[in-house]
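The block underneath contains the structure these notes are about, expressed in structure tokens.
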Amino acid sequence: MEHLPHGGFILAAYLLTAAVLTGLFLWIFFDGRAQKRRLAELEARGVRRRSAGRP
Amino acid sequence: MPLRDLANPTRFLAFSARALPWLWGVSLVGLIAGLYLSFFVAPPDYLQGEMVRIMFIHVPFAWLAMACYGLMAVASLGTLVWRHPLADVAAKSAAPIGAAFTFLALVTGSLWGRPTWGAWWVWDARLTSMLILFLVYLGLIALWQAVEDPGKAAKAAAILTLVGTINLPIIKFSVDWWNSQHQGESIFRAGGSTIYPTMLWPLFEMVLAMSVLFAALLLMAMRNEIFRRRVRTLQLTAASG
């Protein structure tokens, strides 16, 4: 980007985009793992939804 | 599978589990192809030179920021009118993704504006209405967090979302209604696009890839929200003995 005028602005835009999208993905991914873990813990304690087992 | 079957959260979980690997694959291939076209096929702009490369991310984020809000408005109608069981799940899950895309539209626009306009920010109608969209997204996220009962939060958020839709035509037509520093409509306009096809097709490719990425993120977030509500139900069941 050194030979491009204003190359730093282009690089910053794409790097920031990559960082925000990666952060968003990781946040959603780890939130999903946390919810599934909590659900598994509750079910392991014998707590069941009334509709569990229905299609 | 008929669309109405997806109203059942269990069926939605099964459907989304099958769809997600395909969505991730298509978005990854689409983004790689889109970035290749944006950097190695699209020519530099005759006026802005290489700075036009920012358009290939700025425009998709701006469009998807608005499309996401439109989707939330439809979901809000689904909550208030049709009482669709997944409508508020979709609206709540879409809000943080819409906020992130709006943030990226604003920041990439700012990084594009500084060298071309000479300013990071101007209180222009297009920029200001996009900033308002971002603030509305943050308000909706805060509302969902503040109200513990998902049913009550859903109704309040649906009303606020529908009130906020007034901002969408303001964003869209702001460059026509007011003198704007932001460039006017150059893609979907009477008389055809003013963008040359060698730039337009890479732009459409990026819009498509980002749209599939948005869909993948939304399905993931909706699955999380369904699991969160099941956890809440089980916790209440356990607490009530």
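Letters A, B, ... mirror the listed sequences (proteins, then strands); counts begin at 1.
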Residue among A:Lys36, A:Gln35, A:Glu41, A:Arg45 with most heavy-atom pairs under 4.5 Å to chain B: A:Gln35
Donor-acceptor under 3.5 Å (B:Tyr69 side chain, B:Tyr137 main chain): no
Summary of side-chain hydrogen bond (donor to acceptor under 3.5 Å, both in side chains) pairs that have at least one residue in residues 23-35 of chain B, sequence neighbours excluded: none
Whether B:Trp112 and B:His58 hold their rings parallel, tilted or perpendicular, with breakpoints at 30° and 60°: perpendicular
Listed once per pair and sorted, the salt bridge (Lys or Arg N to Asp or Glu O under 4.0 Å) pairs that draw on residues 215-237 of chain B, sequence neighbours left out: A:Asp31-B:Arg228, B:Asp88-B:Arg229, B:Lys92-B:Glu225, B:Glu225-B:Arg228, B:Glu225-B:Arg229
Most contacts with chain A, counted as non-hydrogen pairs under 4.5 angstrom, among B:Arg114, B:Gln235, B:Met51: B:Met51
When B:Leu213, B:Leu217, B:Leu35 are compared by non-hydrogen pairs under 4.5 Å with chain A, the top option: B:Leu217
Partner set under side-chain hydrogen bond (donor to acceptor under 3.5 Å, both in side chains) for A:Glu43, not counting sequence neighbours: none
Check: B:Ala90 main-chain N/O paired with B:Ser93 side-chain donor or acceptor under 3.5 Å: no
Inter-chain contacts: residues 95-110 of chain B against chain A, heavy atoms under 4.5 Å: B:Pro96, B:Ile97, B:Ala100, B:Phe101, B:Phe103, B:Leu104, B:Val107, B:Thr108
Parallel, tilted or perpendicular: rings of A:His6 and A:Phe9 (30°, 60°): perpendicular
